[in-house]
**Q** 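Starting off with a structure, shown below.
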Amino acid sequence: MTKKLDKDLSEPVAIPQSGIDRANDIMQSGRLFRYGEFSAGESEVAALERDFAAYMSSSYAAALNSCGSAMFVALKSAGVVFGDEVLVNAFTLAPVPGAIEHAGAKPIFVDCDANYCVSLQDLESKARGGARVFLMSHMRGHIADMDVVTRICADNNILLIEDCAHTLGASWNGRLSGSFGHIACFSLQSFKHINAGEGGMLISNDADVAAKAILYSGSYMLYAQNGARPSLEIFEKYRNDIPNFSMRMHELTAAVARPQIGLLAERSAQWRASYEVLAELLKKVTGVSVPDRACDEAFVPSSIQFSVTDLATTEFPAFINACKAAGVDIKWFGAPQAVGFTSTLNHWNYINNKQSVKETISILDHLCDIRIPQSLTVQDCTDIVQVIEQALAK
Ligand SMILES: *Cc1c(COP(=O)(O)O)cnc(C)c1O
């Protein structure tokens with residue numbers, strides 16, 4: 001009998017009851033906008049900024065409507081102007097080059113290594129090319145050696161912005177991902193580690209960057225109500241020179257996100273347990289390879305990536321379809337046309353995507369990804385790998 005998986009791999013995490021109750025109270029009051037004019041107390045968004053900054057041990061935090069907006073605002077706040085070059089991982093998600101384009105800058109793609117991290121060798125060489133900023137995407141939660149990355153950035157006077165969309169709660173050598181860069185950005189989109197539907201957080205210890213980011217986010221002149229902001233004098237320097245981009249966070253977003261900060265450790269452990277089972281089983285399948293993870297990397301795997309090295313690109317569609325028919329939705333990064341979340345630099349024709357990143361292209365051609373819902377059981381893991389084996393055998 002053919003194996004089938006009985007589980008929706010796209011299932012998001014539920015919102016904790018306290019978040020639902022808080023959202024209801026906010027709807028009752030009608031105060032859905034983060035800024036109040038007269039009688040408002042602390043907004044839910046300000047409280048989220050405060051809690052998030054505390055969780056990250058960061059001086060400042062600004063809430064935005066997505067991680068893509070946070071990255072755009074981070075680039076602007078870092079002083080990126082039209083025509084600047086920005087280093088970025090070649091293996092990344094569409095909103096990342098999107099944020100660079102939005103800021104009027106040009107991406108310089110840095111190659112990928114065999115473990116799906118940024119290639120330190122390629123970074124070392126491209127860091128000498130004159131770019132002042134590296135927007136580092138910890139794509140799908142794979143964290144490169146941060147000691148080397150920060151050393152390369154320091155040596156070349158490059159400002160590091162971390163894209164932590166998939167590393168909230170993860171750490172490198174005991175230090176939280178997002179605490180290495182000058183600025184870090186996080187996503188609260190449903191498939192990341194805190195599910196608020198949409199949302200983004202930006203953190204920094206630089207008071208000037210934080211004030212600029214808050215002004216760009218669209219604080220009007222009500223920034224005194226922000227929850228983790230620098231002193232008001234800092235805003236005086238910029239308040240007449242920075243446009244309002246209206247990328248604020250909604251009160252309901254903050255209400256559902258806030259109680260999830262305290263659940264990150266528990267969720268991490270659950271994802272990690274499923275990942276270990278899947279990785280061990282997948283490693284035993286002929287023609288499948290799972291990357292080595294550094295022992296310094298405390299990763300939070302809300303998904304698993306592996307390479308199917310035995311298949312030619314032309315054989316992938318049949319493999320993907322066979323898995324799908326058996327209930328296992330595999331995302332493949334090698335498709336000639338952009339599909340769902342897996343568009344790659346091959347598809348981003350609005351920028352110069354004909355750059356030499358050979359390793360990335362050959363990795364993407366064989367790279368597969370499966371989401372790990374929190375409710376996945378050991379039996380589900382076994383079923384998933386059996387479905388894959390079955391599809392490969394055909
Ligand atoms: C999801 C994601 C983003 C963007 O997040 P949004 O909140 O959807 O804008 C950025 N980078 C990576 C690596 C992501 O996975």
Side-chain angles (χ1 to χ4, degrees), residues 10 12-13 45 48 52 61-76 86-103 107 109-110 112 116-118 133-144 149 160-170 177-178 180-181 183-203 213 216-217 245-250 253-254 256-257 260 271 297 299-305 331 333 338-345 347-348 351 360 363-364 367 369-372:
S10 69
V13 285
V45 178
L48 174 67
F52 197 85
L64 292 114
N65 57 6
S66 73
C67 178
S69 295
M71 291 184 290
F72 161 67
V73 162
L75 292 166
K76 297 293 290 180
V86 170
L87 294 164
V88 63
N89 308 44
F91 173 37
T92 189
L93 204 77
V96 180
I100 295 172
E101 173 75 7
H102 195 177
F109 289 114
V110 186
C112 187
Y116 315 151
C117 293
V118 74
V133 170
F134 175 27
L135 177 53
M136 179 185 195
S137 205
H138 304 296
M139 181 60 172
R140 286 299 198 273
H142 296 268
I143 306 175
V149 169
L160 178 64
I161 300 176
E162 291 181 80
D163 163 18
C164 301
H166 267 136
T167 56
L168 176 54
S177 178
F180 293 88
I183 312 176
C185 303
F186 301 82
S187 177
L188 308 182
Q189 187 263 348
S190 286
F191 298 140
K192 312 301 162 94
H193 303 169
I194 287 180
N195 172 17
E198 290 275 14
M201 298 301 296
L202 178 157
I203 59 165
Y216 277 127
S217 78
F245 286 135
S246 272
M247 294 174 162
R248 291 167 302 271
M249 184 180 283
H250 196 288
T253 304
V256 298
Q260 296 181 56
W271 274 317
E297 187 195 11
F299 55 102
V300 179
S302 45
S303 59
I304 185 165
Q305 292 71 43
K331 299 184 184 85
F333 289 91
V339 183
F341 294 107
T342 52
S343 79
T344 67
L345 80 159
H347 310 118
W348 303 328
I351 46 180
T360 307
I363 287 171
L364 290 173
L367 186 62
D369 170 283
I370 300 176
R371 247 196 108 231
I372 302 181

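In each ligand, atom 1 is the first atom listed, and ligand 1 is the first ligand listed. Predicted, not measured: the structure shown is a model, and the values here were computed from it.
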**Q** Within the 4.0 Å heavy-atom shell around M71, which atoms of ligand 1 are there?
**A**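 Answer, ordered by atom number: 10 (C).
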**Q** For Y216 and L202, what are the C-alpha separation, side-chain angles and deciding distance, and is it a side chain to side chain contact (heavy atoms under 4.5 Å, CB included)?
**A** CA-CA 12 Å; Y216 277 127; L202 178 157; over 6 Å; no
**Q** Under the 3.5 angstrom rule, does the side chain of E162 hit a backbone N or O of H138 as a donor-acceptor pair?
**A**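 The answer is no, because no donor-acceptor pair under 3.5 Å joins these two groups.
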**Q** Backbone, side chain, both or neither: what part of R140 comes under 4.0 angstrom of ligand 1, heavy atoms only?
**A**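 Answer for R140: neither.
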**Q** Is any side-chain heavy atom of Y116 less than 4.5 Å from a side-chain heavy atom of L367?
**A**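 Yes, at least one pair of side-chain atoms sits under 4.5 Å.
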**Q** Closest by any non-hydrogen atom to atom 10 (C) of ligand 1: pick that one out of D163, L188, T167.
**A**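 The nearest heavy atom belongs to D163.
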**Q** Stepwise, does the side chain to side chain contact (heavy atoms under 4.5 Å, CB included) test hold for M201 with I194?
**A** CA-CA 11 Å; M201 298 301 296; I194 287 180; over 6 Å; no
**Q** Could you see which bit of P95 sits under 4.0 Å from ligand 1, with heavy atoms only: side chain, backbone, both or neither?
**A**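 For P95, only side-chain atoms sit under 4.0 Å from ligand 1.
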**Q** Geometry only, no angles: is M139 polar-contacting ligand 1 at N/O separations under 3.5 Å?
**A**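 M139 vs ligand 1: no N/O contact under 3.5 Å.
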**Q** Within the 4.0 Å heavy-atom shell around S137, which atoms of ligand 1 are there?
**A**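 Numbered from 1, ligand 1 contributes 13 (C).
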**Q** For atom 9 (O) of ligand 1, what is the nearest protein heavy atom, given as residue, atom name and distance?
**A**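 That would be G68 N, 2.8 Å.
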**Q** Looking at atom 2 (C) of ligand 1, what's its closest protein heavy atom, distance included?
**A**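 The protein heavy atom lying closest is K192 NZ, 2.4 Å.
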**Q** Check each heavy atom of H138 against ligand 1 and say whether those closer than 4.0 Å belong to the side chain, the backbone, both or neither.
**A**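 No part of H138 comes within reach of ligand 1.
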**Q** Could you walk me through whether Q305 and H142 pass the side chain to side chain contact (heavy atoms under 4.5 Å, CB included) test, one step at a time?
**A** CA-CA 10 Å; Q305 292 71 43; H142 296 268; 2.8 Å; yes
**Q** Which of the numbered atoms in ligand 1 are under 4.0 angstrom from any heavy atom belonging to H166?
**A**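 Within the 4.0 Å cut-off of H166, ligand 1 contributes 15 (O).
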**Q** With the side chain counted from C-beta on, respond yes when C185 and I161 share a heavy-atom pair under 4.5 Å apart, and no when they do not.
**A**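 Yes, close enough: below the 4.5 Å cut-off.
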**Q** If we set the cut-off at 4.0 Å for heavy atoms, which region of E198 has an atom near ligand 1: side chain, backbone, both, or neither?
**A**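 Neither; nothing of E198 gets under 4.0 Å from ligand 1.
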**Q** Report the nearest protein non-hydrogen atom to atom 5 (O) of ligand 1: residue, atom name, distance rounded to 0.1 Å.
**A**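 It is C67 CB, 3.2 Å.
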**Q** Parallel, tilted or perpendicular: which describes the rings of F72 and F245, with under 30° parallel and over 60° perpendicular?
**A**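 Answer is tilted, since the angle falls between 30° and 60°.
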**Q** Mark up the atoms of ligand 1 that fall under 4.0 Å of a heavy atom belonging to S187, in ascending order.
**A**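 Here the atoms of ligand 1 in question are 5 (O), 6 (P), 7 (O).
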**Q** Find all atoms of ligand 1 within a distance of less than 4.0 Å from any non-hydrogen atom belonging to S66, and give their numbers and elements.
**A**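 Every atom of ligand 1 under 4.0 Å from some heavy atom of S66: 7 (O), 9 (O).
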**Q** Can you find a heavy atom in the side chain of R248 that is under 4.5 Å from one in the side chain of V45?
**A**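 They are not in side-chain contact.
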**Q** At under 4.0 Å between heavy atoms, is it the side chain or the backbone of T92 that contacts ligand 1, or both, or neither?
**A**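 Near ligand 1, T92 shows nothing, with every heavy atom at 4.0 Å or more.
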**Q** For residues A90 and T360, report the shortest heavy-atom separation together with the two atoms involved.
**A**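 The answer is CB-OG1, 3.6 Å.
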**Q** Under 4.5 Å between any side-chain heavy atoms of H193 and W271, yes or no?
**A**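 Touching, per the 4.5 Å side-chain cut-off.
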